[in-house]
**Q** 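Got a structure here, written out as structure tokens. Questions coming.
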Amino acid sequence: MIRFERVTKRYADGTLAVDDLSLECADGEITVLVGTSGCGKTTSLRMINRLVDPTSGTIRVAGKDVTKSDPAELRRTMGYVIQQGGLFPHRTVIDNIAPVPRLLGASRAKARGRAYEMLTLVGLSEPMGKRYPYQLSGGQQQRVGVARALAADPPVLLMDEPFSAVDPVVRSELQQELQRLQAQLHKTIVFVTHDVDEAVKLGDKIAVMQVGGHLVQFDTPERILARPENAFVESFVGTDRGIRWLSFFAAKGLRLHVPATVETTTSAEDARRIAREAGTGWLLALDADRHPLGWLEVATLNGGASIELAGLRSLGHTFKPDDDSLRAALDATVLSPAGVAVAVDDRGVVVGVADHEEVTRAIRAASGRA
Ligand SMILES: Nc1ncnc2c1ncn2[C@@H]1O[C@H](COP(=O)(O)OP(=O)(O)O)[C@@H](O)[C@H]1O
Ligand SMILES: [Mg+2]
């Protein structure tokens, strides 16, 4: 466990970067420090591995005051990942990683073996090892940064805005990758970001900080979204915090309905009859394996022997009741032209549908307002 006990940092020029911070980062969990630029996140993180020393107060790792540890030794127990990867530009990927196990006493061959192992762990292929950092995309460079931080197998990982410089799609991939790694490795991670969505997605606990180095709220993501401590946290987490909060409720609680369906071979006449009997203007088109193809708006059918695939409206996206949240289900209803979210199983087979009304009911039930 990493413990901040009334830690204050005032820089030589008088800037108060961190003000009386007390915080506990639990073992095996991701603690996220979040807040706007200049609120003292980086300073807090760098006091853990002694790149900065506190002006007053104590930081303990596993009970031991870090200022009593040798900085080099301390850093061997803590991986450190920064924005832009922090790679040496004139060394190949492997030569960026291998020195870490070398430092710990591994032979040259062992160290390279370990480096390749780490590369695979973070989802990069072996040939990447021979490239130079400039020959990699931003996302790949960040992965190498993570691989290097993990190479010593440190119990602690300090990450300072590691994914902030990459585009949103890659960022989301890297976040998922970190979650996958964490499920496997159970490191004690302190993760700094200015992005609330990232904090909510990754954090077991979130520390919201305010300029001047104040800790405003330290809580689970769910509680930060549901019960912001004050107006600052409320405005910081944004106006759509209610929507984000829904990501903590499983879509499993939805009562799915059986949709009125057609297949590609169904005649237009039959489609009209099916819609009439079901009392709906929209039919879900399925392929022979009951995978959803799209929505058919019955009013647009013109004569025709069978329904026209070209006339189908896109599903938006489907959701999986066993894995996804109410947020995903709500999103699927909003994007669906029929206003109906399509639930599928792991094989992509339709298991039912949920309309706006049902999603609203589930939200009310989940939030205790049923
Ligand atoms: N070496 C330094 N000397 C003086 N002031 C600094 C130094 N490093 C950071 N600061 C100041 O301390 C405050 C907190 O900075 P920082 O910890 O980098 O915040 P964050 O990471 O949240 O953006 C800011 O006002 C910043 O300008
Ligand atoms: Mg910073």
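All heavy atoms count here, side chains included; hydrogens, waters and symmetry mates do not. Whatever order the structure lists them in is the order used to number ligands and atoms, beginning at 1.
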**Q** Quick one: sort the Tyr134 and Tyr132 rings into parallel, tilted or perpendicular, breaks at 30° and 60°.
**A** parallel
**Q** Using protein heavy atoms only, decide if any is under 4.0 Å from atom 27 (O) of ligand 1.
**A** no
**Q** So if I apply the side chain to side chain contact (heavy atoms under 4.5 Å, CB included) rule between Val18 and each of His214, Met47, Lys41, which one comes out positive?
**A** Met47
**Q** Numbering the atoms of ligand 1 from 1, which are under 4.0 Å from a heavy atom of Thr42?
**A** 17 (O), 18 (O), 20 (P), 21 (O)
**Q** Could you tell me whether Asp20 and Arg6 make a salt bridge, using a distance below 4.0 angstrom between a side-chain N and a carboxylate O?
**A** yes
**Q** How close does the nearest protein non-hydrogen atom get to atom 19 (O) of ligand 1, and which residue and atom is it?
**A** Gly40 N, 3.2 Å
**Q** Have a look at ligand 1 and work out which part of Asp13, if any, has a heavy atom under 4.0 Å from it: side chain, backbone, both or neither.
**A** side chain
**Q** Which protein heavy atom lies closest to atom 5 (N) of ligand 1, and at what distance to 0.1 Å?
**A** Tyr11 CD1, 3.3 Å
**Q** Taking only heavy atoms of Ser37 into account, list the atoms of ligand 1 that are under 4.0 Å away from them.
**A** 23 (O)
**Q** Please state whether Gly38 comes within less than 4.0 angstrom of ligand 1, counting heavy atoms only.
**A** yes
**Q** At a cut-off of 2.8 Å, what protein N/O/S atoms sit near the Mg ion (ligand 2)?
**A** Thr42 OG1
**Q** Check this for me, if you would: do Arg347 and Asp289 make a salt bridge, where the nitrogen-to-carboxylate-oxygen distance has to be below 4.0 angstrom?
**A** no
**Q** Suppose I only count heavy atoms of Cys39 and a 4.0 Å limit; which atoms of ligand 1 are within that range?
**A** 19 (O), 20 (P), 22 (O)
**Q** With a 4.0 Å heavy-atom cut-off (strictly under), which part of Thr15 contacts ligand 1: side chain, backbone, both or neither?
**A** side chain
**Q** Please report the closest heavy-atom contact between Ala338 and Trp295, naming both atoms and the distance.
**A** CB-CD2, 3.7 Å
**Q** Could you give the distance from OG (Ser247) to CG (Asp197), rounded to the nearest 0.5 Å?
**A** 8.5 Å
**Q** Using 0.5 Å steps for rounding, measure from the CZ atom of Arg112 to the CD atom of Glu117.
**A** 14.5 Å
**Q** Return the CD1 to OG1 distance between Ile224 and Thr220, rounded to the nearest 0.5 Å.
**A** 7.0 Å
**Q** Within a distance under 4.0 Å of any heavy atom of Thr43, pick out the atoms of ligand 1 and give their elements.
**A** 15 (O), 16 (P), 17 (O)
**Q** Run the salt bridge (Lys or Arg N to Asp or Glu O under 4.0 Å) test against Asp240 and tell me which residues pass, sequence neighbours left out.
**A** Arg244
**Q** Check Leu33, Thr193, Val81, Thr42 against Asp160 for a side chain to side chain contact (heavy atoms under 4.5 Å, CB included) and give me the one that passes.
**A** Thr42
**Q** Taking NZ, NE, NH1 and NH2 as the nitrogens, is one of them in Asp153 or Lys187 under 4.0 Å from a carboxylate oxygen of the other?
**A** yes
**Q** Using a strict cut-off of 4.0 Å, indicate which atoms of ligand 1 neighbour a heavy atom of Ala17.
**A** 12 (O), 13 (C), 14 (C)
